[in-house]
Colleague: 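Questions regarding the structure given below will be posed in turn.
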Amino acid sequence: MSARGHCRGVGLVEWLVALALGAFVAVAALSVYANAAAGTRTSLAVQQLHENARSAADLLERELRVAGYAGLAPELATVDGATPPGAAVPIPLRVAGCTPVAALDVSRAVTGADGRYALDAATPLGCAPSPHGRARSEADTLTVRRARLEPGAPERGRLQLATTRAQGALFADGVAPAGVADGEVHDLEAAVYYVAEDSTGARGFPSLRRKRLVGGPAGPRFEDEELAVGVEDLQVEFGVDGEDADETPERYVVPGAEGPADVTRTVRFWLRVRAETPDASWRGTPAQQYSNRRFAATTDTYRRVVVERTVFLRNLRRQ
């Protein structure tokens, strides 16, 4: 009886203290979990941003590395049917969807327009940006022309290049011209890279796009395709080799600033890419400058990254 007299239950005060401690531990655990989840989301968003930027830059770099490839021919500049701006376009080589010389000006494997949507300073594109007709203000435009690396068979309705060791010729009727009929046939690849104010899925969200030469029953034409969302700027500079012709760039110039004796040896480009979703932990992007473009500091919560690449043009004429 005496032992039972010394036993008692848990009192109200003890219950309240236990509940308070339990609540404190639960809140602390939830806070740690929330912070960890937010950190994971931020890490994934940053990873996705860099992945988008890297993928877009890799694509441009791959295209530039093979710019000017002419199959068996010595160079694209010697190809029959090459049509510079201002020249009459041969009827059999007509291309729809954009200015035909966007494809046919193969004597210039790489061209660009500084801060405008065009082939060069004097040649408009003749086709509206997609998807809503708005090109990004002050972004450059880059055009790349080449033969497809893998040879194929003649195909009516597709702009192609037949080449031998001595010459090449363009055709689109499925019949290689005489003189190169026994040569190697390659599809002609031409693409105009630009930055649009909109993406296919979201108006007001920029994207890197291209007008790409395709073929089919309707004949050669340019079609628009989206390459990467979030790209809000493209800047281009050409590394040019002057009169000494030592195949080494002596200076970099913006498109349109090349001299009459300059030969482009390298292309340097920058892509500025914005994250697809805002990040509440981000407090804006500081001012940035590259090439002849300057961005003021931003106060929004979109993370941004700038990617720079320099690409040597292996297939252009050697002097």
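Because the structure is a prediction, the values reported are computed rather than measured.
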Colleague: In plain terms, say whether R136 and D233 are close enough for a salt bridge, that is, a side-chain N and a carboxylate O under 4.0 Å apart.
Modeller: no
Colleague: Is V110 reachable from V236 through a run of I, L, V, M, F, W or Y residues, each pair having side-chain heavy atoms under 4.5 Å apart?
Modeller: yes
Colleague: Per the side-chain contact (heavy atoms from CB on, under 4.5 Å) rule, which among V273, T285, L271 passes with V305?
Modeller: V273
Colleague: Checking Q235 side chain against E138 main chain: does a donor-acceptor pair fall under 3.5 Å?
Modeller: yes
Colleague: Quick check: is V144 connected to L227 through a chain of hydrophobic side chains (ILVMFWY, heavy atoms under 4.5 Å apart)?
Modeller: yes
Colleague: List in chain and number order the residues that pass ring-ring contact (aromatic ring centres under 6.0 Å, His included) with F205, two or more places apart in sequence or in another chain; answer none if no residue qualifies.
Modeller: none
Colleague: Return the minimal non-hydrogen interatomic distance between P100 and V89, and the atom names on each side.
Modeller: CB-CG2, 3.9 Å
Colleague: With a 3.5 Å distance limit and no angle check, can you tell me whether E258 reaches the backbone of G256 through a side-chain donor-acceptor pair?
Modeller: yes
Colleague: Within the distance-only criterion (no hydrogens, no angle test), does the side chain of T83 pair as donor or acceptor with the backbone N or O of G81 below 3.5 angstrom?
Modeller: yes
Colleague: What's the shortest heavy-atom distance between P177 and L170, and which atoms?
Modeller: CG-O, 4.2 Å
Colleague: Looking just at side-chain N and O atoms, do H186 and E184 make a donor-acceptor pair shorter than 3.5 Å?
Modeller: yes
Colleague: Taking the side chain from K211 and the backbone from G97, do they hold a donor-acceptor pair closer than 3.5 Å?
Modeller: no
Colleague: When you measure from the centre of the six-membered ring of Y69, is the NZ or CZ of R146 closer than 6.0 Å and no more than 45° off the axis?
Modeller: no
Colleague: Is the cationic atom of R209 (NZ for Lys, CZ for Arg) positioned less than 6.0 Å from the six-membered ring centroid of Y194 and within 45 degrees of its normal?
Modeller: no
Colleague: Are any non-hydrogen side-chain atoms of V231 and R272 less than 4.5 angstrom apart?
Modeller: no
Colleague: Taking T163 for the side chain and L72 for the main chain, is one N or O donor matched with an acceptor at less than 3.5 Å?
Modeller: yes
Colleague: Shortest non-hydrogen contact from V307 to A53?
Modeller: CG2-CB, 3.4 Å
Colleague: Just by distance, do the side chain of R134 and the backbone of P131 share a donor-acceptor pair under 3.5 Å?
Modeller: no
Colleague: Does the side chain to side chain donor-acceptor pair (under 3.5 Å) test come out yes or no for E75 and N315, once each step is laid out?
Modeller: CA-CA 8 Å; E75 56 179 329; N315 298 295; over 6 Å; no
Colleague: Considering only heavy atoms from C-beta outward, does the side chain of L119 approach that of V192 to under 4.5 Å?
Modeller: yes
Colleague: Check whether S207 reaches the backbone of D198 with its side chain - one donor and one acceptor, N or O, closer than 3.5 Å.
Modeller: yes
Colleague: Quick one: do R210 and S130 satisfy side-chain contact (heavy atoms from CB on, under 4.5 Å)? Show the steps, please.
Modeller: CA-CA 9 Å; R210 69 179 172 188; S130 294; over 6 Å; no
Colleague: For the residue pair Y117 and D140, confirm or rule out a side-chain donor-acceptor distance under 3.5 Å.
Modeller: no
Colleague: What verdict does the salt bridge (charged side-chain N to carboxylate O under 4.0 Å, His left out) test give for D173 and R156, after you've listed the backbone C-alpha separation in whole Å, the side-chain angles of each residue and the deciding distance to 0.1 Å?
Modeller: CA-CA 4 Å; D173 59 359; R156 184 177 181 84; 5.6 Å; no
Colleague: Quick one: closest heavy-atom pair of G242 and D262, and the distance?
Modeller: CA-OD1, 3.6 Å
Colleague: If I compare all heavy atoms of F222 with all of T99, which pair ends up nearest, and what's the gap?
Modeller: CE1-O, 4.3 Å
Colleague: Is there a continuous path of hydrophobic side-chain contacts, each under 4.5 Å between heavy atoms, that joins F238 to W270?
Modeller: no
Colleague: If I take atom CG from residue L208 and atom CG from residue L142, how far apart are they, to the nearest 0.5 angstrom?
Modeller: 10.0 Å
Colleague: Hey, any chance V267 and Y252 share a hydrophobic cluster, counting ILVMFWY side chains that come within less than 4.5 Å of each other, even indirectly?
Modeller: no
Colleague: For a side-chain contact (heavy atoms from CB on, under 4.5 Å) check, start with the C-alpha distance between V101 and T123, then their side-chain angles and the critical distance, and finish with the verdict.
Modeller: CA-CA 9 Å; V101 296; T123 312; 4.2 Å; yes
Colleague: Answer yes if the side chains of N292 and E237 hold a donor-acceptor pair under 3.5 Å, and no otherwise.
Modeller: no
Colleague: Answer yes when D300 and R304 have at least one side-chain N-carboxylate O distance shorter than 4.0 Å, and no when they do not.
Modeller: yes
Colleague: Show the numbers, then the answer: is there a side-chain contact (heavy atoms from CB on, under 4.5 Å) between R251 and V240?
Modeller: CA-CA 6 Å; R251 68 189 190 282; V240 295; 3.7 Å; yes
Colleague: Give a yes or no on whether a salt bridge exists between E223 and R221, defined as a side-chain N under 4.0 angstrom from a carboxylate O.
Modeller: yes
Colleague: Could you check whether R293 makes a cation-pi contact with Y290, meaning its NZ or CZ is under 6.0 Å from the centre of the six-membered ring and within 45° of the ring axis?
Modeller: no
Colleague: With a 6.0 Å cut-off (strictly less than), is the heavy-atom count around CZ of R203, excluding the residue itself, greater than 12?
Modeller: yes
Colleague: Can you list every pair that meets salt bridge (Lys or Arg N to Asp or Glu O under 4.0 Å) and has a residue in residues 109-133, with sequence neighbours left out?
Modeller: R108-D120
Colleague: Using a 4.5 Å cut-off on heavy atoms from C-beta on, say whether the side chain of L213 contacts that of L159.
Modeller: yes
Colleague: Within a strict 4.5 Å, meaning less than it, do heavy atoms of the E197 and P206 side chains meet?
Modeller: no
Colleague: Verify the cluster assignment for L64 and Y193: are they in a single hydrophobic cluster under the rule of side-chain heavy atoms below 4.5 Å apart?
Modeller: yes
Colleague: May I ask you to test the L60-F269 pair for a side-chain heavy-atom distance under 4.5 Å?
Modeller: yes
Colleague: Look at E61 together with R309 and state whether they make a salt bridge at an N to O cut-off of under 4.0 Å.
Modeller: yes
Colleague: Would you name the heavy atoms of V106 and L76 that are closest together and state the gap between them?
Modeller: O-CB, 3.2 Å
Colleague: Are side-chain heavy atoms of T111 and R145 found at a separation under 4.5 Å?
Modeller: yes
Colleague: Using distance alone, with no hydrogens and no angle criterion, decide if R274 and Y302 have a side-chain donor and acceptor under 3.5 Å apart.
Modeller: no
Colleague: Taking side chain as C-beta onward, heavy atoms only, is Q160 less than 4.5 Å from R148?
Modeller: no
Colleague: Take D241 and E250 through the side-chain contact (heavy atoms from CB on, under 4.5 Å) test and state the conclusion after the steps.
Modeller: CA-CA 6 Å; D241 178 18; E250 288 140 14; 3.1 Å; yes
Colleague: Side chains of S291 and V254: does their closest heavy-atom pair fall under 4.5 Å?
Modeller: yes
